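Here the structure comes first, spelled out in structure tokens, and everything after it is commentary.
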Amino acid sequence: MNLFARMRDDILAALADMQAAGELPGGLDTANVTVEPPRDPAHGDMATNAAMVLAKPAGMKPRDIAAALSPRLAALDHVAGAEVAGPGFLNLRLADSVWADVIATVIEDRDFGRSDMGAGQRVNVEYVSANPTGPLHVGHTRGAVFGDALANLLDYTGWDVTREYYINDGGAQVDVLARSVYLRYLEAHGQEVAFADGTYPGDYLVAVGEALKEKVGDAYVDKGEDVWLEQIRDFATDAMMDLIRADLAALGVEMDKFYSEKSLYGTGRIEAALDTLDGKGLIYVGTLEPPKGKLPDDWEAREQTLFRSTDHGDDVDRPVKKSDGSWTYFAPDIAYHYDKIDRGFDALIDVFGADHGGYVKRMKAAVSALSDGQVPLDIKLCQLVKLWKNGEPFTMSKRAGNFITLRDVVDEVGPDVTRFTMLTRKNDAPLDFDFAKAVEQSKDNPVFYVQYAHARIRSVERKADALEIAMGPPQLSDPAEFDVARKLAEWPRLVEIAAKNHEPHRIAFYLYDLASSFHSLWNKGNDDPSLRIIQEDHPHVTAGKLALPRAVATVLTAGLGILGVTPLEELR
RNA sequence: GGACCAUUAGCUCAGCUGGAUAGAGCGCUGCCCUCCGAAGGCAGAGGCCAGAGGUUCGAAUCCUCUAUGGUCCGCCA
């Protein structure tokens, strides 16, 4: 039940009545009529812009339309009052009973806030997709949390979601990995080795080298790459993916599918994707203009096979084949997205790090071209995370030497705090993550503040249980109680907005607001004992007051569930 | 030279795809809390929404230009 959507239906019905009665011209477009909570609570519970939107097409003054609409809405049972205000707003005040109904609905209907706006359409959310060359670092962590919460959010709003990880196991970087593992392998055989530039020196490969020795003995010692490169590449990539899967599991992220770039090679799928583009006249051989400004030192004009991405919104055409005839990294990516389209997804979402921002237009161009504009691709960029501890930059890592891993973060503050904190900023805003503040138990830590609200409610409920007082029908009287109910009523609307915009951070901010209004009510109980939930001498009153916190806890749990955070029963 | 993202209170940031007097936390000021459910509470000050144009009933929000900061910019992924 979305109160705002319901009221909008009421308004549209009233407008139709007015048209039938000749008070309004027929055939008006009502698509822009909205019902929103007013910023100023003095303006009532809801406001509609209907009169202002319709004034021009109807050829009438906004206030006249509003004045005619007002009595029709005021006559509804659940509307206590309707007033024309400002330039033509219609402010609506709802009957008190509506808010008690909201509470009751939240408690009875486990799906309060769920939406069917996705209508069962299939969406593919690709996130993390880190190279399989080492453990996930803190930047991946943000992408992982963001992508996972977005996937949850879309699931909550009626989409059929596939969570997917693209393994970049086809490029030169996995050869580098293989050579690095080979060095560790030699080390395991007691040889002294030196890690040249362009190899991965991280300790995490020591175990892989030893495992390789376990498996093949000395078969590769003193042998050339032609003997071992391919085998070690597969072995090392598998080991890294095991590591990455474990990292994701520690964060509570579970993928539906891992898609291998390598699986695209030698199967004709890259060729098929490019043939499709070629069939649309979008592939040609040519030479790109040199980039403006200062040229790279070794720049020289070369003839390449190019994708005419400029036909689909890109700034320049992009090479798909190197001058030696091999694929660029872009080619398998085109094939991969072609495969997603082929698998029948209705919408695609890619979550990238901000350093891949330059890649957005060409990828969108490719999907647009391959799907004839039928499959929308949204690319969400996650900005950098800066780590702090007590206000000092934090750069040490136990595991990997020079970068902070996902494990470092999760070990330090736990998966729940990691996830919530990563969502306290918009994805495209840089994020400061302070290890100390993230676990601080104070009001300026939103994670704690939201968890505290839930724990408080659970504490009250345990106390009520001990007193053998059961929850009864909701009773609301104080303005602070209505404020909480109003906040609860916004939940379904907020979920839809967050899902439509692919912005899970809105959930986190909402939960903070909801927690805040609940804490505010609780604090009033300090001064006014009649507002306390548990009133031992009045079990009947207590029963009526228990519903509101139950409803708050229900929505907090639902919201935290979307974020992938477990609500706490009590604080320690 | 170009692309993308950002620019909102002293600081860190929200802001409902265009609505009314722009919000929160921190910090600041004042009051309360040492009997109550206080890992505190209440209230207040603080703004040319970077700047300039434009679009319309109405702009922090959409468009153009400018400034500042970040990310990136042909065979690395």
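Every heavy atom of this structure was used, including side-chain atoms; hydrogens, water molecules and symmetry mates were not. Sequence lines set the chain letters: A, B, ... in the order given, protein chains first and strands last, and positions in each chain run from 1. Quick caveat, the model's predicted, so the values are computed rather than measured.
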Please determine if [X] forms a cation-pi arrangement with [Y], meaning its NZ or CZ atom is less than 6.0 Å from the six-membered ring centre and no more than 45° off the ring axis.
{"X": "A:Arg308", "Y": "A:Tyr284", "result": "yes"}
{"X": "A:Arg493", "Y": "A:Phe4", "result": "yes"}
{"X": "A:Lys322", "Y": "A:Trp327", "result": "no"}
{"X": "A:Arg456", "Y": "A:Tyr452", "result": "yes"}

Using a cut-off of less than 4.0 Å, is there contact between a side-chain N or O of [X] and OP1 or OP2 of [N]?
{"X": "A:Tyr359", "N": "B:rA77", "result": "no"}
{"X": "A:His356", "N": "B:rC76", "result": "no"}
{"X": "A:Lys524", "N": "B:rC36", "result": "no"}

> Does a donor on one side chain sit under 3.5 Å from an acceptor on the other, for A:Asn91 and A:His43?
Replying inline: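 The answer is no; no qualifying pair exists.
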Value in whole Å for how far the [atom2] atom of [N] lies from [atom1] of [X]:
{"X": "A:Glu126", "N": "B:rA77", "atom1": "CD", "atom2": "C1'", "result": "13 Å"}
{"X": "A:Leu288", "N": "B:rC73", "atom1": "CG", "atom2": "C1'", "result": "12 Å"}
{"X": "A:Phe518", "N": "B:rG41", "atom1": "CZ", "atom2": "C1'", "result": "16 Å"}
{"X": "A:Asn445", "N": "B:rG40", "atom1": "CG", "atom2": "P", "result": "11 Å"}
{"X": "A:Gln441", "N": "B:rG25", "atom1": "CD", "atom2": "P", "result": "20 Å"}
{"X": "A:Asp355", "N": "B:rC76", "atom1": "CG", "atom2": "P", "result": "18 Å"}
{"X": "A:Leu177", "N": "B:rC76", "atom1": "CG", "atom2": "C1'", "result": "16 Å"}
{"X": "A:His505", "N": "B:rG25", "atom1": "NE2", "atom2": "C1'", "result": "16 Å"}

Polar atoms only, N or O, under 3.5 Å: list the protein pairs with nucleotides 4-13 of chain B and their distances.
residue: B:rC4; atom: OP1; partner: A:Lys361; partner atom: NZ; Å: 3.4
residue: B:rC5; atom: O2'; partner: A:Asp428; partner atom: O; Å: 3.4
residue: B:rA6; atom: OP1; partner: A:Asp428; partner atom: OD2; Å: 3.4
residue: B:rU12; atom: O2'; partner: A:Arg425; partner atom: NH2; Å: 2.8
residue: B:rC13; atom: O5'; partner: A:Arg425; partner atom: NE; Å: 3.4
residue: B:rC13; atom: O2'; partner: A:Arg425; partner atom: NH1; Å: 3.4

Which pairs, protein N/O on one side and nucleotides 18-22 of chain B N/O on the other, fall under 3.5 Å?
residue: B:rA20; atom: OP1; partner: A:Arg39; partner atom: NH2; Å: 2.4
residue: B:rA20; atom: OP2; partner: A:Arg39; partner atom: NE; Å: 3.0
residue: B:rA20; atom: OP2; partner: A:Arg39; partner atom: NH2; Å: 2.2
residue: B:rA20; atom: N6; partner: A:Asn91; partner atom: OD1; Å: 2.3
residue: B:rA20; atom: N1; partner: A:Asn91; partner atom: OD1; Å: 3.0
residue: B:rA20; atom: N1; partner: A:Asn91; partner atom: ND2; Å: 2.9

>> On RNA chain B, compare the nucleotides closest to A:Gly525 and A:Phe330; which residue's is nearer the 5' end?
In response: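 Result: A:Gly525.
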> A:Tyr512 or A:Gln535: which one's nearest nucleotide on RNA chain B is closer to the 5' end?
Replying inline: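 Closest to the 5' end, via its nearest nucleotide, is A:Tyr512.
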> Taking atom CG of A:Leu548 and atom CG of A:Leu488, what is their separation to the nearest 0.5 Å?
Replying inline: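 Reported value, rounded in 0.5 Å steps: 6.5 Å.
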> Quick one: CG on A:Asn131 to CD on A:Gln173, what's the gap to the nearest 0.5 Å?
Replying inline: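 Answer rounded to 0.5 Å: 4.5 Å.
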> Given that both pair distances must be under 3.5 Å and the pair must be Watson-Crick or G-U, what runs of three or more consecutive pairs involve RNA chain B?
Replying inline: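 Output for stems: B:1-7 with B:67-73, B:10-13 with B:23-26, B:28-32 with B:40-44, B:50-54 with B:62-66.
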When we call it a touch if two heavy atoms are under 4.0 Å apart, what does [X] touch: a base, just sugar-phosphate, or nothing?
{"X": "A:Asn131", "answer": "sugar-phosphate"}
{"X": "A:Pro529", "answer": "nothing"}
{"X": "A:Glu440", "answer": "nothing"}
{"X": "A:Thr328", "answer": "nothing"}
{"X": "A:Leu494", "answer": "nothing"}

> Between B:rA77, B:rA24, B:rU56, which one does the side chain of A:Lys56 approach most closely?
Replying inline: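 The closest nucleotide is B:rU56.
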> Counting side-chain heavy atoms from CB outward, which of B:rU17, B:rG15, B:rG25 is closest to A:Asn501?
Replying inline: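 The answer is B:rU17, which lies nearest to the side chain.
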Please state the [atom1] separation for the pair [N] and [M] - nearest whole angstrom.
{"N": "B:rC49", "M": "B:rU21", "atom1": "P", "answer": "14 Å"}
{"N": "B:rG27", "M": "B:rG46", "atom1": "C1'", "answer": "11 Å"}
{"N": "B:rA3", "M": "B:rU66", "atom1": "P", "answer": "10 Å"}
{"N": "B:rG41", "M": "B:rG25", "atom1": "P", "answer": "9 Å"}
{"N": "B:rG69", "M": "B:rG74", "atom1": "C1'", "answer": "27 Å"}
{"N": "B:rG1", "M": "B:rC11", "atom1": "C1'", "answer": "36 Å"}
{"N": "B:rA24", "M": "B:rG15", "atom1": "C1'", "answer": "10 Å"}
{"N": "B:rG47", "M": "B:rA22", "atom1": "P", "answer": "12 Å"}

>> Atom NZ of residue position A:Lys437 - does it have more than 12 heavy atoms of other residues, nucleotides or ligands inside 6.0 Å?
In response: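 No - once you tally the heavy atoms of other residues, nucleotides and ligands closer than 6.0 Å, there are 12 at most.
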>> One thing to verify: whether A:Asp483 and A:Arg486 come together as a salt bridge, which I'm taking to mean a side-chain N less than 4.0 angstrom from a carboxylate O.
In response: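 A salt bridge links A:Arg486 with A:Asp483.
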>> If the threshold is 4.0 Å, N to carboxylate O, is there a salt bridge linking A:Asp350 and A:Lys340?
In response: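 The answer is yes: the pair qualifies as a salt bridge.
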> Taking it one step at a time, do A:Glu440 and A:Phe448 satisfy side chain to side chain contact (heavy atoms under 4.5 Å, CB included)?
Replying inline: CA-CA 7 Å; A:Glu440 187 177 275; A:Phe448 164 78; over 6 Å; no
>> Can a donor-acceptor pair be found, under 3.5 Å and without considering hydrogens, that links the side chain of A:Arg419 to the backbone of A:Leu563?
In response: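 Confirmed, A:Arg419 side chain pairs with A:Leu563 backbone.
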> After noting the C-alpha distance and the side-chain angles of A:Leu90 and A:Leu73, does the key distance pass the side chain to side chain contact (heavy atoms under 4.5 Å, CB included) rule?
Replying inline: CA-CA 10 Å; A:Leu90 195 52; A:Leu73 296 178; 3.6 Å; yes
>> Go through it in stages, so that I can follow the logic: the residues are A:Asp465 and A:Arg462, the test is salt bridge (Lys or Arg N to Asp or Glu O under 4.0 Å), and I'd like the CA-CA distance, side-chain angles, deciding distance and then a yes or no.
In response: CA-CA 5 Å; A:Asp465 282 349; A:Arg462 283 190 296 270; over 6 Å; no
>> For B:rC16, does the base pair up with any side-chain atom of A:Arg493 as donor and acceptor (N or O, under 3.5 Å, distance only)?
In response: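 When only heavy-atom distances are counted, A:Arg493 does reach the base of B:rC16 through a donor-acceptor pair under 3.5 Å.
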